Amino acid sequence: MELPRWPQLSDDDVEAAVAALRANRLVGLGNPVVEQFESALAESQAVEHAVAVSTGTAAVHLALHALDVGPGDEVIVPAHTFIGSASPIAYLGARPVFADVTPDTHCLDPDSVKSLITERTKAIVVVHINGVAADMASLSAIATDAGVPLVEDMAQALGTSIGGRPVGGFGDLACVSLFEQKVITSGGEGGAVLTNNPGYAERVRRLRSHGEGPIADRPGLIWAYEVGYNYRLTAVQAAVGLSQHGRLGEMVEARRRNAAYLSERLADVEGLELPVEPEGTVHAFWKYVVRAVPGGGRPTAAEIAATLRSRGVPVLLRYPFPLHKQPAFAEHQSVSLPVAERLSQELLALPSHPALTERHLDHVAAEVRRAFTG
């Protein structure tokens, strides 16, 4: 059975893009479509400010720059995540310090973070991986005690909440990704920085557009207050993002429904550990990630993934190479992070996106069961 791809753009998304093109105001300060999208995003995430940018990685870069991260600084970041959570640290000349993750949520381990804080620690990047909420209560307490700001990387977590509050407002800044495969997209690429701090918001707005801003008492003129970047989101992208954002709740609910459907059908498979949803949180299930428990003569996660792919189920190991073991961060390869290293060989992401019907999910569940039992 061939499974449908994600994303799936609606007629409304396409029409929104066309309308933005026809308006012929594609980019620039004060773009009304971009500002409308920013307002919608800020409101839904319960923060004061949202600044739209070109990618999720750009969002992390700008958030760290706004915190004045630079040479000689250290930034703690999980080893079990996408490289875009860590590469911006290197962009700024700082040193990533890789932390371990918890065995159940696969998010940043507070104990690991606490052991890594030094006088050089400038920030902590917390990733809500796969759509599950990190332990923000513990991490916020550690950060507050150390006087270190928190950056939430919520690239995978639009729709995730803790105690009824959307993620994105627990840290000093938060970073959204609108890449094509994320919960919602702005037409392939896009991102945003969220914050309740007006100073950070103003600086991110300036940095995203070459460091430029208006000159007091000289209307219509701008100059560069500092060296910035070209990280603007276009009106066309914002229009698609705004259209998709109108269906955010619907799409998250579909993901949660599909996740529950899979869990019900896979609950009794020996050697298969299903995803968790910490008490008091809402998991957006951007990815439905399971663990193949090793031993007992069962096939390895890599073998299961290969079998499933051969049967038309697109499954890969989830982050099979922890960041500290990759060539880009070769200086960290001697670091031991046992949970992240073990999970890299045990986790699988199963198809569960909103375009899948119960018929598709039944097929996925049947093939997973068959792969585990032989």
Side-chain angles (χ1 to χ4, degrees), residues 16-71 73 84 87-94 122-123 149 151 168-169 171-179 186-243 245:
V18 171
L21 285 167
R22 286 180 172 154
N24 201 28
R25 290 192 62 184
L26 303 181
V27 75
L29 296 175
N31 187 285
V33 181
V34 175
E35 289 184 347
Q36 188 180 358
F37 178 49
E38 290 173 334
S39 295
L41 195 56
E43 182 179 0
S44 69
Q45 298 308 123
V47 296
E48 292 296 320
H49 306 278
V51 184
V53 299
S54 55
T55 68
T57 304
V60 178
H61 189 188
L62 292 175
L64 294 175
H65 195 142
L67 294 172
D68 290 320
V69 170
D73 294 331
S87 51
I89 302 167
Y91 297 169
L92 294 164
K122 190 76 171 185
V151 175
D172 296 88
L173 300 113
C175 306
V176 174
S177 173
L178 302 166
F179 178 66
S186 52
E189 289 285 8
V193 178
L194 311 180
T195 185
N196 286 310
N197 184 308
Y200 290 152
E202 181 181 0
R203 191 161 188 216
V204 170
R205 287 191 188 98
R206 190 169 66 219
L207 285 167
R208 73 174 169 182
S209 189
H210 297 288
E212 292 184 328
I215 305 171
D217 303 322
R218 302 188 70 178
L221 297 179
I222 61 173
W223 60 18
Y225 287 85
E226 59 184 314
V227 175
Y229 312 93
N230 183 359
Y231 281 168
R232 294 182 296 260
L233 192 75
T234 70
V236 176
Q237 291 170 306
V240 175
L242 186 60
S243 177
H245 184 269

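Both backbone and side-chain heavy atoms feed into the values below; hydrogens, waters and symmetry mates do not. Not measured: the values here are computed from a predicted model.
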Report task. Say whether, by atom type as modelled, one donor and one acceptor occur between the side chain of Ser186 and the main chain of Ala238 under 3.5 angstrom. Result -> no
**Report entry** Asp172 side chain vs Val151 backbone, donor-acceptor pair below 3.5 Å
**Finding:** no
**Report entry** Verdict with reasoning, Arg208 to His65, per side chain to side chain contact (heavy atoms under 4.5 Å, CB included)
**Finding:** CA-CA 11 Å; Arg208 73 174 169 182; His65 195 142; over 6 Å; no
Requested in this report: Specify the closest pair of heavy atoms between Ser87 and Gly84, including all atoms of both residues, with the distance to one decimal.
Outcome: OG-CA, 3.7 Å
Report task. Spell out, as yes or no, whether a donor-acceptor pair under 3.5 Å connects the side chain of Tyr225 to the backbone of Pro214. Result -> yes
Requested in this report: Measure the spacing between CZ of Arg232 and NE2 of His210 and express it to the nearest 0.5 Å.
Outcome: 4.5 Å
**Report entry** Closest non-hydrogen atom pair, Ala201 against Val51
**Finding:** O-CG2, 3.9 Å
**Report entry** From Gln45 atom CD to Thr195 atom OG1, the distance as rounded to the nearest 0.5 Å
**Finding:** 13.5 Å
Report summary line: Tightest non-hydrogen contact, residues Leu41 and Ala192, listed as CD2-CB, 3.5 Å
Query raised in the report: Which heavy-atom pair separates Ala20 from Ala235 by the least distance, and what is that distance?
Result: CB-O, 3.8 Å
Report task. Say whether, by atom type as modelled, one donor and one acceptor occur between the side chain of Ser209 and the main chain of Glu212 under 3.5 angstrom. Result -> no
**Report entry** Side chain to side chain, Asn197 and Leu173, heavy atoms closer than 4.5 Å
**Finding:** no
Requested in this report: Nearest 0.5 Å please: distance from the CG atom of Asp73 over to the CG atom of Leu92.
Outcome: 9.0 Å
Query - Backbone N/O of Ala52 and side chain of Glu38: donor-acceptor pair under 3.5 Å - result: yes
Query raised in the report: Can you find a heavy atom in the side chain of Val193 that is under 4.5 Å from one in the side chain of Tyr231?
Result: no
Requested in this report: Starting from the C-alpha separation in whole Å, work towards a yes-or-no answer on side chain to side chain contact (heavy atoms under 4.5 Å, CB included) for Tyr91 and Leu64.
Outcome: CA-CA 10 Å; Tyr91 297 169; Leu64 294 175; over 6 Å; no
Query raised in the report: Nearest 0.5 Å, what's the CG-CG distance between Asn230 and Leu207?
Result: 12.5 Å
Query - side-chain hydrogen bond (donor to acceptor under 3.5 Å, both in side chains) against His49, all qualifying residues, sequence neighbours excluded - result: none
Query raised in the report: Under 3.5 Å, side chain of Ser243 to main-chain N/O of Ala239, donor-acceptor pair present?
Result: no
Query raised in the report: How long is the gap from CZ on Arg205 to CG on Leu62, to the nearest 0.5 Å?
Result: 12.5 Å
Report summary line: Shortest non-hydrogen pair, Ala50 vs Leu194, comes out as CB-CD2, 3.5 Å
Query raised in the report: Of all residues at least two apart in sequence or in a different chain, which pass the side-chain hydrogen bond (donor to acceptor under 3.5 Å, both in side chains) check with Glu226?
Result: Arg203, Arg206
Query raised in the report: Looking only at heavy atoms, which two atoms of Val204 and Ala66 are closest? And how far apart?
Result: CG2-CB, 4.0 Å
Query raised in the report: Angle class for the His61/Tyr229 ring planes (parallel below 30°, perpendicular above 60°, tilted otherwise)?
Result: tilted
**Report entry** Any donor-acceptor N/O pair, Asn31 side chain to Thr234 backbone, under 3.5 Å
**Finding:** no
